[in-house]
Amino acid sequence: MATLKNDTFLRALLRQPVEYTPVWMMRQAGRYLPEYRATRAQAGDFLSLCQNVELATEVTLQPLERFDLDAAILFSDILTVPDAMGLELYFSTGEGPKFAKPVQNEADVAALAVPDMEKLRYVFDAVTSIRRALDGRVPLIGFSGSPFTLACYMVEGGSSKDFRNIKTMMYARPDLLHRILDVNARAVTEYLNTQIAHGAQAVQIFDTWGGVLSHNAFREFSLAYIRQIIQGLTREHEGRRVPVIVFAKGGGLWLEDMAECGADALGLDWTCNIAQARARVGEQVALQGNLDPFVLFGTPERIRSEVAHILADYGTGSGHVFNLGHGINQFTPPAHAEVLVEAVHELSRPYHNA
């Protein structure tokens, strides 16, 4: 693999000195880009795009051709792991992901097992292909869903508004949910380690639905399994540390607990004040975030102003990776994303010259 030319993102995650605040965007390869929509149409559907190594490589690099981003993130989906378990993932137009074989009774739970990673070979081949195509331009982020977030889709059979099925299982048969979560945690550990072995230089665990839990339930059913994963991850590869980011949407209530899970960085959604978050976690972890994605529908002047507020709130020194507080919206004007990236790079430099 080529020598890394821009390691600002990795250094910031490890709270090492940087010249400016690095920036990338969750869902930066996606539907807001016309070139992505064209490539997806060429693939036929979303899942076929994920499974086509050449096209997954192409869409991963598309935002880097437009914007001066400091990291690329593997183009894939969090539900590849339960799909490899035999739950049969499919996407209905306008309805999001669904599983043909959801996990809804004791027999379904008993049948679950860590999948053969060969079933996910297309993901690992994409990681290798993307690393080669990047040619050391910026680091590549690998990722997975958290055990609880994956379980939400597995038990509900798809997206949910009230999480009735999984919460019923959690309170009526917690033993079944713990069994699912343990299988998921072991699968995610192996999945992320294999991504790292194939070239991922940092990994992010997405706990998209952790925020729907109560305080005690979050610690028992989500954070405990994230901690289990991190304890089993490869932390050194290619002669340098592989940072781990944990992003829990709605997780701002639990930052102190999350800061002790073993991650190098915590992702923040837009409901958190980053100055308060930094004060709460101290020097334990770096912070990633946390612009409201809908700021990108504002004027260029307003985008710059909101970026300036977040940078000022974080203050001086390393340990901040600028990002959105969740994924970029599909209707975002690409020119506004460019304003964001340029504003972060320009306005952050004074905070690193002290």
Side-chain angles (χ1 to χ4, degrees), residues 1-7 9-10 22-81 83-84 89-91 93 96-97 117-145 191-192 194-204 206 238 293 296 323-324 327-338 340-342:
M1 296 294 183
T3 302
L4 189 55
K5 303 176 183 72
N6 175 3
D7 67 349
F9 166 72
L10 298 179
V23 57
W24 67 282
M25 297 177 290
M26 288 185 276
R27 293 197 201 129
Q28 63 189 24
R31 290 177 288 176
Y32 74 109
L33 294 177
E35 56 267 41
Y36 168 86
R37 296 195 296 270
T39 307
R40 177 168 168 168
Q42 180 184 346
D45 58 62
F46 176 77
L47 205 52
S48 297
L49 179 55
C50 291
Q51 294 170 345
N52 184 309
V53 171
E54 181 181 344
L55 296 184
T57 301
E58 180 181 318
V59 295
T60 298
L61 268 64
Q62 284 172 347
L64 276 76
E65 298 303 319
R66 277 185 179 260
F67 316 123
D68 188 21
L69 296 158
D70 294 290
I73 183 166
L74 163 70
F75 183 81
S76 189
D77 191 85
I78 65 170
L79 300 181
T80 54
V81 171
D83 181 53
L89 175 66
Y90 67 98
F91 287 82
T93 303
M117 290 294 131
E118 276 300 311
K119 294 180 179 177
L120 293 158
R121 169 62 54 184
Y122 64 93
V123 176
F124 311 132
D125 287 347
V127 171
T128 301
S129 172
I130 294 162
R131 272 293 303 274
R132 288 179 178 148
L134 284 169
D135 194 31
R137 188 192 315 188
V138 294
L140 175 62
I141 306 166
F143 72 91
S144 176
Y191 183 55
L192 290 177
T194 311
Q195 289 184 38
I196 292 166
H198 281 76
Q201 291 151 293
V203 292
Q204 176 157 315
F206 284 88
E238 298 181 85
L296 296 181
N323 207 314
L324 304 176
I328 189 168
N329 184 274
Q330 63 171 307
F331 300 109
T332 302
H336 287 195
E338 184 173 10
L340 165 67
V341 174
E342 291 180 352

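All residue numbers in this chain count up from 1 along the given sequence.
Listed for the D45 side chain is a donor-acceptor partner under 3.5 Å among the backbone atoms of S48. A donor-acceptor pair is defined here as one N or O able to donate and one able to accept, closer than 3.5 Å; such a pair exists between the side chain of N323 and the backbone of W24. In this structure, D83 contributes its side chain and L89 its backbone to a donor-acceptor pair below 3.5 Å. A donor-acceptor pair is defined here as one N or O able to donate and one able to accept, closer than 3.5 Å; no such pair exists between the side chain of H198 and the backbone of F124. Without hydrogens or angle criteria, Q28 side chain to A71 main chain gives a donor-acceptor distance under 3.5 Å.
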Side chain to side chain contact (heavy atoms under 4.5 Å, CB included) between L64 and L134: does it pass, once the steps are laid out? CA-CA 9 Å; L64 276 76; L134 284 169; 3.7 Å; yes
Take Q201 and F9, measure what side chain to side chain contact (heavy atoms under 4.5 Å, CB included) needs, and give me the verdict at the end. CA-CA 10 Å; Q201 291 151 293; F9 166 72; over 6 Å; no
Report the C-alpha separation of Y191 and T80 in whole Å, then their side-chain angles, then the decisive distance to 0.1 Å, and conclude whether the side chain to side chain contact (heavy atoms under 4.5 Å, CB included) test is met. CA-CA 10 Å; Y191 183 55; T80 54; 3.0 Å; yes
Should T128 and R132 be marked as a side chain to side chain contact (heavy atoms under 4.5 Å, CB included) after you check the CA-CA gap, both sets of side-chain angles, and the distance that decides it? CA-CA 6 Å; T128 301; R132 288 179 178 148; 3.6 Å; yes
Verdict with reasoning, T332 to N329, per side chain to side chain donor-acceptor pair (under 3.5 Å): CA-CA 6 Å; T332 302; N329 184 274; 4.6 Å; no
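Summarising the geometry, atom OH belonging to Y36 is positioned 5.0 Å from atom CG belonging to L49; distances are rounded to the nearest 0.5 Å. Here the CZ atom belonging to R31 is positioned 12.0 Å from the CG atom belonging to L33, to the nearest 0.5 angstrom. From E238, atom CD reaches atom CG of L4 across 9.5 Å, with rounding to the nearest 0.5 Å. Atom CG of L192 sits about 10.5 Å away from atom CD of Q204, to the nearest 0.5 Å. The CG atom of D7 lies 10.0 Å from the CG atom of D70; values are rounded to the nearest 0.5 Å. Here Q195 contributes atom CD and I141 contributes atom CD1; the two are 11.5 Å apart, rounded to the nearest 0.5 Å.
Of all the heavy atoms in E58 and T39, the pair that sits closest is OE2-OG1, 2.9 Å. V123 and S76 get closest at one heavy-atom pair: CG2-OG, 4.0 Å. In terms of heavy-atom proximity, I73 sits nearest to L140 at C-CD1, 4.0 Å. In plain terms, the two heavy atoms of A337 and I328 that are nearest each other are CB-CD1, 4.3 Å. When all heavy atoms of G136 and A2 are compared, the closest pair comes out as N-CB, 3.8 Å. When all heavy atoms of A29 and T60 are compared, the closest pair comes out as CB-CA, 4.3 Å.
Under the 4.5 Å side-chain criterion, counting only non-hydrogen atoms from C-beta, F143 is in contact with L74. By the 4.5 Å heavy-atom criterion applied to side chains, P63 and L69 are counted as neighbours.
Between E35 and the choices Q62, R40, R66, the side-chain hydrogen bond (donor to acceptor under 3.5 Å, both in side chains) rule is met once, by R66.
Under a cut-off of 6.0 angstrom, the local environment of CD in E54 is sparse, with at most 12 non-hydrogen atoms contributed by other residues, nucleotides or ligands.
Using a 30° and 60° split on the angle between ring planes, Y32 and F67 fall in the parallel class, below 30°.
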